Amino acid sequence: KWIESMDVEMSDLVEREAFELVSRDDVLKSGQRVVKSMWAFRLKRKPDGTPSRYKARLVVRGDLQKQFYDFHQNETFAPVVEWSTVRMLFSLGVLDDWKTASIDFKSAFTQGQLPEPIYLELPPGYQKANPHLADKVMKITTSLYGDQRAANLWYNKIRKSLEGDLGFKCSDFDPCLFIRHDCILCLYVDDAILHATDDAAIESVLKAIKDAGYAFSRDESFSSYLGVLVEHMADGTKKLSQPGLTKQLLEVMGLSDCNAARTPIAEPLFNYPDSQPHNHSFNYRSALGMLMYLTNNTRPECAYATNVCAQYSIDPRLPHAEAVRRVCRYLKGTVNEGLYIKPAGSQLSLDCMVDADYAGNWNVPEAADPASVKSRCGYVITLGNIPVLWKSKRIQEICLSTMESEYISLSMAMRSLVYLRGMLFEIDSIFKLKLGDRISTISTVFEDNTPALTLATTDPPRMTPRSKSLAVKYHWFRSHLSPTTILVKHVGTHDNVADIFTKALPFEAFSRHRRTLCGW
């Protein structure tokens with residue numbers, strides 16, 4: 001199957017006229033360098049973990065290009081869509097019953113045009129199979145995978161086509177979000193999702209993309225995106241989950257048959273300098289990388305546990321390794337769960353819940369660790385009670401009071417809220433979401449600390465000796481508050497969902513907030 005996939009790759013490059021064979025001697029005489037090539041094999045899997053495709057890529061040895069090219073003149077950066085953008089569009093789609101389509105551009109990186117040709121050795125295996133071509137090299141005119149400029153060239157090409165030929169506007173808030181009056185497209189390298197109010201608009205865009213010369217495959221059932229399983233339920237609910245990655249993580253950790261835990265973390269973590277180092281029974285950083293992909297996409301209830309474990313990834317100790325195992329044991333009991341995006345009835349709004357844990361890791365035996373006095377910020381931004389963006393993060397400054405930690409958390413959350421509000425209004429200006437009709441133009445931020453609430457909302461500002469120590473950078477959001485834009489209101493600690501992002505909770509409180517947050 002791998003050999004078949006290699007032949008498919010070479011046939012595709014020939015069909016695209018991506019290269020021609022030229023004399024090695026002529027290339028060397030002209031002063032050009034010949035870059036080595038290699039094969040990259042990947043077994044692609046469905047979200048449930050089963051194999052779906054054997055894929056071979058002919059790639060350039062990009063690690064050898066630095067000595068050949070001036071990359072100040074050859075930009076290599078290319079953006080990808082933010083997951084908060086993807087979830088916002090999913091939420092809007094469920095709320096307003098949009099039609100969706102998922103497409104995968106074929107051989108995307110080979111469609112960019114190189115500024116100048118590069119010369120490449122024949123791929124391994126083909127040299128031995130074709131000895132008469134020993135004096136030949138490949139003259140490449142289109143970008144290939146592995147070339148450090150390939151992602152940038154592809155993004156610029158597809159953006160130019162979408163903006164020029166198809167009439168889309170690139171978002172000012174997310175460079176991979178493209179909007180026009182009847183369709184919205186978000187792009188993650190070569191994977192795209194299209195949203196529209198009817199099927200005709202989607203078919204029109206797909207035809208235009210094909211006419212522009214792009215080959216793509218379509219997921220007719222739209223069952224997955226970037227490894228996330230998308231289940232479409234009868235009542236219009238979408239369920240996002242990652243059972244395949246979860247099972248893979250459990251297998252890597254050797255916990256496929258373990259007993260499940262009820263919560264992802266039971267108590268705060270410290271640096272434990274007197275404990276034994278992690279015995280490398282598993283790759284700590286690799287496990288955290290998988291946990292972070294789960295947490296950031298479909299498992300917000302694990303955000304706090306994953307973040308505190310990540311703080312000790314440089315020198316993990318046995319208690320830290322056990323904490324990672326605890327998160328995995330929690331996932332063992334909830335393998336098929338994820339994030340439910342449910343339609344809502346009444347008027348909707350883009351709201352935020354904020355919480356902080358003041359010096360939550362302060363512990364006398366661990367007082368030698370300065371980081372233990374730092375506070376933690378947690379917040380979640382929802383659209384119609386559907387989570388769009390969440391964060392659990394340690395505040396870098398040492399806060400001097402509970403009010404200060406809550407106020408700084410409020411400021412950090414407001415940055416994301418203002419950004420998402422801007423994107424929502426931008427989509428409305430082109431796609432016509434009917435803001436103010438079904439979706440409110442007013443956002444509410446819920447804060448459970450009365451002193452922080454007073455400092456944020458009182459006009460003129462009610463400064464105290466303690467609040468004067470706050471940096472100006474944390475006061476900026478006050479200019480965005482008004483009765484017609486963003487309101488800050490008090491919420492009881494018992495009802496503050498953001499509590500799940502700042503501390504280890506007992507099962508009853510954890511399950512209550514998880515139900516509100518994730519829908520199960």
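It should be emphasised that the depicted structure is a prediction, and the values quoted were computed from it without experimental measurement.
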Exercise. Should the pair Glu163-Arg159 be classified as a salt bridge under the 4.0 Å nitrogen-to-oxygen rule?
Worked result: yes

Exercise. Donor-acceptor pair, Tyr284 side chain versus Cys309 backbone, under 3.5 Å?
Worked result: yes

Problem set entry | Side-chain heavy atoms of Thr141 within contact of Gln113, under 4.5 Å | yes

Exercise. Parallel, tilted or perpendicular for Phe222 and Tyr225, by the 30°/60° rule?
Worked result: perpendicular

Exercise. Hey, is Asp428 close enough to Lys432 for a salt bridge, meaning N to O under 4.0 Å?
Worked result: no

Exercise. Given Asp198 and Asp182, is the side-chain contact (heavy atoms from CB on, under 4.5 Å) satisfied, shown in steps?
Worked result: CA-CA 9 Å; Asp198 56 65; Asp182 61 345; over 6 Å; no

Exercise. Any side-chain donor paired with an acceptor under 3.5 Å for Thr334 and Arg299?
Worked result: yes

Exercise. Once the angle between the rings of His480 and Trp476 is folded into 0 to 90°, is it parallel (under 30°), tilted (30 to 60°) or perpendicular (over 60°)?
Worked result: perpendicular

Problem set entry | side-chain contact (heavy atoms from CB on, under 4.5 Å) between Tyr379 and Val445, intermediate numbers included | CA-CA 10 Å; Tyr379 62 86; Val445 181; over 6 Å; no

For this session: For the pair Glu9 and Arg16, find out whether any cationic side-chain nitrogen is under 4.0 Å from an anionic carboxylate oxygen.
Result: no

Problem set entry | Atom NZ of Lys391 with >12 non-hydrogen neighbours under 6.0 angstrom | no

Exercise. Closest approach of Tyr155 and Pro175, non-hydrogen atoms and distance?
Worked result: OH-O, 2.7 Å

For this session: Give a yes or no answer on whether the side chain of Asp190 reaches the backbone of Asp104 with a donor-acceptor pair at less than 3.5 Å.
Result: no

For this session: Indicate yes or no for a side-chain donor-acceptor contact from Lys374 to the backbone of Gln396 under 3.5 Å, with no hydrogens or angles considered.
Result: yes

Exercise. How far apart are the closest heavy atoms of Phe19 and Met10, and which atoms are they?
Worked result: CZ-CE, 4.2 Å

Problem set entry | Salt bridge present between Asp26 and Arg24 (N-O < 4.0 angstrom) | no

For this session: Give a yes or no on whether the backbone of Arg149 and the side-chain of Asp147 come within a donor-acceptor separation of less than 3.5 Å.
Result: yes

Exercise. Is it true that a side-chain atom of Asn307 and a backbone atom of Ala303 form a donor plus acceptor pair closer than 3.5 Å?
Worked result: no

Exercise. Given the rule in the side chain to side chain donor-acceptor pair (under 3.5 Å) test, do Ser5 and Asp7 qualify, once you have shown the distances and angles that lead to the verdict?
Worked result: CA-CA 5 Å; Ser5 67; Asp7 290 336; over 6 Å; no

For this session: Rounded to the nearest 0.5 Å, what's the gap from NZ on Lys393 to OG1 on Thr502? Could you check?
Result: 16.0 Å

Exercise. Is the side chain of Trp154 donor-acceptor paired with the backbone N or O of Val189 at a distance under 3.5 Å, no angle test?
Worked result: yes

Problem set entry | Arg61 and Ser37: side chain donor to acceptor below 3.5 Å | no

Exercise. Hey, is the main chain of Cys518 close enough, under 3.5 Å, to the side chain of Glu301 for a donor-acceptor pair?
Worked result: no

For this session: May I ask you to decide if Leu133's main-chain N or O and Asn130's side chain share a donor-acceptor pair within less than 3.5 Å?
Result: no

Exercise. Hey, are the side chains of Val86 and Tyr188 touching, using non-hydrogen atoms and a 4.5 Å cut-off?
Worked result: no

Exercise. At what distance, to the nearest 0.5 angstrom, does CG of Leu89 lie from OG1 of Thr100?
Worked result: 11.0 Å

For this session: Mind running salt bridge (charged side-chain N to carboxylate O under 4.0 Å, His left out) on Lys55 and Glu4 for me, showing each step along the way?
Result: CA-CA 9 Å; Lys55 181 64 183 175; Glu4 290 175 2; over 6 Å; no

Exercise. Do the non-hydrogen side-chain atoms of Trp2 and Leu43 ever get within less than 4.5 Å of each other?
Worked result: yes

Exercise. So, do Met138 and Leu58 sit near enough that their side-chain heavy atoms are less than 4.5 Å apart?
Worked result: yes

For this session: Report yes if the side chains of Cys352 and Val380 come closer than 4.5 Å at any heavy-atom pair, otherwise no.
Result: no

Exercise. Would you call Arg42 and Tyr54 a side-chain contact if the rule is heavy atoms closer than 4.5 Å?
Worked result: no

For this session: Give the intermediate values and the outcome of side-chain contact (heavy atoms from CB on, under 4.5 Å) for residues Ile209 and Phe216.
Result: CA-CA 9 Å; Ile209 292 175; Phe216 59 85; 3.9 Å; yes

Problem set entry | Flag side-chain contact, heavy atom, 4.5 Å: Asp174 against Tyr419 | yes

For this session: Evaluate the side-chain proximity of Ile439 to Leu92: yes if any heavy-atom separation is below 4.5 Å, no if none is.
Result: yes

For this session: Check Tyr340 against Met233 and note the closest heavy-atom contact, atom names and distance.
Result: CE2-CE, 3.7 Å

Problem set entry | Ion pair Lys169/Glu426, N-O distance below 4.0 Å | yes

Problem set entry | Short N-O contact, Asp211 and Lys207, less than 4.0 angstrom | yes

Problem set entry | Set of residues satisfying salt bridge (Lys or Arg N to Asp or Glu O under 4.0 Å) with respect to Asp97, sequence neighbours excluded | none

For this session: Identify the heavy atoms of Ala321 and His278 that sit nearest to each other, and give their distance.
Result: CB-ND1, 3.4 Å

For this session: Show your reasoning for whether side-chain contact (heavy atoms from CB on, under 4.5 Å) applies to Ile386 and Leu95.
Result: CA-CA 10 Å; Ile386 299 171; Leu95 300 173; 4.2 Å; yes

Problem set entry | Separation of Cys183 SG from Phe178 CZ (nearest 0.5 Å) | 12.0 Å

For this session: Using atom types as modelled and distance alone, determine if a side-chain donor or acceptor of Tyr145 lies under 3.5 Å from a backbone N or O of Ala108.
Result: yes

Exercise. Between CG of Leu185 and CG of Leu194, what distance do you get to the nearest 0.5 Å?
Worked result: 4.5 Å

Exercise. Strictly by modelled atom types, are Asp351 and Ser349 linked by a side-chain donor-acceptor pair under 3.5 Å?
Worked result: yes

For this session: Give the minimum heavy-atom separation between Asn297 and Leu339, together with the two atoms involved.
Result: O-CD2, 4.4 Å

For this session: Find the distance between CD1 (Ile395) and CE (Met412) and round it off to the nearest 0.5 Å.
Result: 6.0 Å

Exercise. Which distance, rounded to the nearest 0.5 Å, do you find between the NE2 of His181 and the OG of Ser429?
Worked result: 13.5 Å

For this session: Please report the shortest heavy-atom distance between Trp390 and Thr298, naming the atom on each side.
Result: CZ2-N, 4.4 Å

Exercise. Ignoring hydrogens and geometry, is there a side-chain-to-backbone donor-acceptor pair from Ser313 to Ala310 under 3.5 Å?
Worked result: yes

Exercise. Do Trp83 and Phe90 pass the ring-ring contact (aromatic ring centres under 6.0 Å, His included) test, and can you show the C-alpha distance, the side-chain angles, and the key distance before you say yes or no?
Worked result: CA-CA 10 Å; Trp83 261 101; Phe90 272 141; 7.4 Å; no

Problem set entry | Lys139 and Glu17: CA distance, side-chain angles, deciding distance, salt bridge (charged side-chain N to carboxylate O under 4.0 Å, His left out) verdict | CA-CA 11 Å; Lys139 179 182 179 181; Glu17 299 181 351; over 6 Å; no

